[in-house]
Enquirer: 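Got a structure here, written out as structure tokens. Questions coming.
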Amino acid sequence: MATVTDLSKASRPVGDLFAEALHADPERFRLSDNQVQFYHENGYLPGVRILDDVQVEALREELAEWFTPDHPGRELWYEYHSNESADPDRVLFHALGAWRIKPGFHDLLWNPAFTVPASQLLGGAVRFWHDQLFCKPAKHGGVVAWHQDYSYWTRTVPMAHLTCWIGLDDSTIDNGCVHYVPGSHRWPLLPITGLAGDMEAIREVLDDEQWAMFQNPVAVELKAGEATFHHPLMVHGSFANRTARPRRATVINVFRDGVRSDTDDVLLDGVPPIPQGASMNGPFFPLLYDPAGR
């Protein structure tokens with residue numbers, strides 16, 4: 001098998017896929033005041049254009065190689081699940097660590113179309129946490145059960161995190177787009193009830209008021225290359241893909257610079273531990289954007 005260079009060693013872009021954006025005025029990518037207000041009121045912000053058609057296709061080509069488990073760079077994933085679901089008829093491809101393996105997914109992290117809005121929503125400098133891939137194949141793509149992202153991230157404090165979900169295909173209600181429960185980012189942290197199994201499992205941890213709010217989720221349909229940002233406590237999930245085309249997405253998880261480790265254990269598989277209380281930094285958690293220019 002061919003040897004793959006670990007791109008976590010490069011804390012800056014290595015290719016030219018996002019060169020034009022990186023040389024543009026950052027003001028071009030800023031969210032409006034109304035968009036920022038919508039995010040803080042509802043816990044999510046849909047319809048932000050992150051990728052153009054050329055960039056979408058480049059990332060699709062990189063992604064295609066990874067569906068075969070025995071691929072170059074296999075050892076660099078933090079997690080790799082050809083099917084996170086236990087049901088072969090409900091497939092959810094889920095992997096963490098794409099940025100270490102391919103230049104497009106690596107350089108995406110520094111794309112100002114992502115980092116500038118992320119900085120506005122976080123209220124400061126943006127530091128990388130980890131990326132994810134969520135892919136649902138045609139006709140038998142599985143679900144991503146209702147959850148809050150921060151329930152999986154409590155090993156980092158304070159909670160100053162942000163998720164950006166980027167479609168690599170058009171995402172629709174029929175093929176399993178993301179659904180949100182507006183306002184649920186004001187709920188307390190809920191127990192984990194599973195990621196790839198029962199969409200109804202979350203019911204057991206909701207009180208009656210929360211369950212009432214849960215009855216009106218919002219489906220966010222996006223064109224390929226568009227993204228939705230959401231709060232770390234936002235309750236969200238996505239249903240199965242029964243259409244004749246895949247639904248592929250990449251997710252970038254970040255936090256405001258200054259977030260600390262809250263454990264002496266390993267934070268991500270294969271990454272050296274950061275002592276409890278120490279700031280999250282170093283080559284695996286690079287600074288992506290600082291609006292102050294530091």
Side-chain angles (χ1 to χ4, degrees), residues 1-19 21-22 50-84 91-115 118 126-137 141 144 149 152-153 163-169 195-196 224-225 227 246-255 266-274 280-289:
M1 185 183 297
T3 301
V4 172
T5 299
D6 183 356
L7 294 177
S8 69
K9 301 178 188 297
S11 294
R12 60 183 58 85
V14 298
D16 59 6
L17 188 60
F18 301 97
L22 285 162
I50 300 293
L51 304 171
D52 62 27
D53 291 346
V54 171
Q55 293 161 347
V56 168
E57 187 55 38
L59 295 180
R60 285 174 177 169
E61 290 180 5
E62 290 187 352
L63 171 61
E65 184 178 301
W66 294 330
F67 294 125
T68 301
D70 187 20
H71 55 262
R74 173 70 174 83
E75 71 282 357
L76 296 177
W77 296 103
Y78 305 136
E79 293 184 31
Y80 179 90
H81 309 277
S82 57
N83 185 8
E84 180 100 347
V91 174
L92 178 67
F93 176 93
H94 180 212
L96 285 68
W99 79 293
R100 300 179 66 183
I101 305 172
K102 291 287 189 179
F105 280 95
H106 176 273
D107 291 0
L108 170 61
L109 307 184
W110 283 268
N111 178 10
F114 158 67
T115 61
V126 181
R127 193 171 285 275
F128 182 55
W129 177 208
H130 66 77
D131 60 3
Q132 294 170 279
L133 297 168
F134 286 103
C135 303
K136 302 179 181 183
V144 177
D149 288 341
Y152 292 91
W153 299 341
T163 297
C164 180
W165 191 103
I166 307 168
L168 298 178
D169 300 291
L195 190 64
R247 198 233 64 181
R248 297 163 290 185
T250 186
V251 175
I252 309 175
N253 303 299
V254 292
F255 44 67
V266 170
L267 292 159
L268 294 167
D269 189 30
V271 175
I274 292 180
M280 298 282 291
N281 55 37
F284 290 99
F285 311 106
L287 186 68
L288 303 180
Y289 178 72

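Here the structure is a predicted model, which is why all the values come from computation and not from measurement. Index from 1, following the sequence.
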Enquirer: Below 4.5 Å, heavy atoms only, C-beta onward: do Ile274 and Met280 meet side chain to side chain?
Expert: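 The answer is yes; the side chains approach within 4.5 Å.
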Enquirer: Let me confirm one number: the OG1-CD distance from Thr250 to Glu62, rounded to the nearest 0.5 Å.
Expert: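 Nearest 0.5 Å value for the OG1-CD distance: 10.5 Å.
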Enquirer: Consider only side-chain N and O atoms of Gln132 and His130, and report whether a donor and an acceptor are under 3.5 Å apart.
Expert: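 No - no donor-acceptor pair under 3.5 Å links their side chains.
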Enquirer: Can you tell me how far CD1 of Ile101 sits from CD of Glu65, rounded to the nearest 0.5 angstrom?
Expert: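 Rounded to the nearest 0.5 Å, the CD-CD1 separation comes out at 9.0 Å.
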Enquirer: May I ask you to decide whether Arg100 forms a salt bridge with Asp6, counting only side-chain N to carboxylate O separations under 4.0 Å?
Expert: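 Looking at Asp6 together with Arg100, the answer is yes, because their closest N to O distance falls below 4.0 Å.
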Enquirer: First locate atom CG of Asn253, then atom CG of Leu96, and finally report the distance between them rounded to the nearest 0.5 Å.
Expert: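 Spacing of CG (Asn253) from CG (Leu96) equals 8.0 Å.
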Enquirer: About how many Å separate CG of Leu7 and CG of Leu76, when rounded to the nearest 0.5 Å?
Expert: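 Separation between the atoms: 8.5 Å.
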Enquirer: I would like to know whether His81 and Phe134 meet ring pair (Phe, Tyr, Trp, His ring centres under 6.0 Å); could you show each step before the answer?
Expert: CA-CA 10 Å; His81 309 277; Phe134 286 103; over 10 Å; no
Enquirer: Decide if the gap between the ring center of Phe18 and the ring center of Phe114 is smaller than 6.0 angstrom.
Expert: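 Between Phe18 and Phe114, the centre distance exceeds or equals 6.0 Å.
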Enquirer: Hey, do the aromatic rings of Trp110 and Phe128 have their centres closer than 6.0 Å?
Expert: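 No, they do not, as the ring centres are separated by 6.0 Å or more.
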Enquirer: Could you grab the distance from atom CG of Leu268 to atom OG of Ser8, nearest 0.5 Å is fine?
Expert: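 The CG atom of Leu268 sits 11.0 Å away from the OG atom of Ser8.
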Enquirer: Angle between ring planes, His71 versus Tyr80, binned at 30° and 60°: parallel, tilted or perpendicular?
Expert: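 Tilted, since the angle between the ring planes falls between 30° and 60°.
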Enquirer: Assess whether a salt bridge exists between Arg12 and Asp107, defined as any Lys/Arg side-chain N lying under 4.0 Å from an Asp/Glu carboxylate O.
Expert: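 Looking at Arg12 and Asp107, the cut-off is not met.
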Enquirer: Angle class for the Trp99/His106 ring planes (parallel below 30°, perpendicular above 60°, tilted otherwise)?
Expert: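 Correct class here is parallel.
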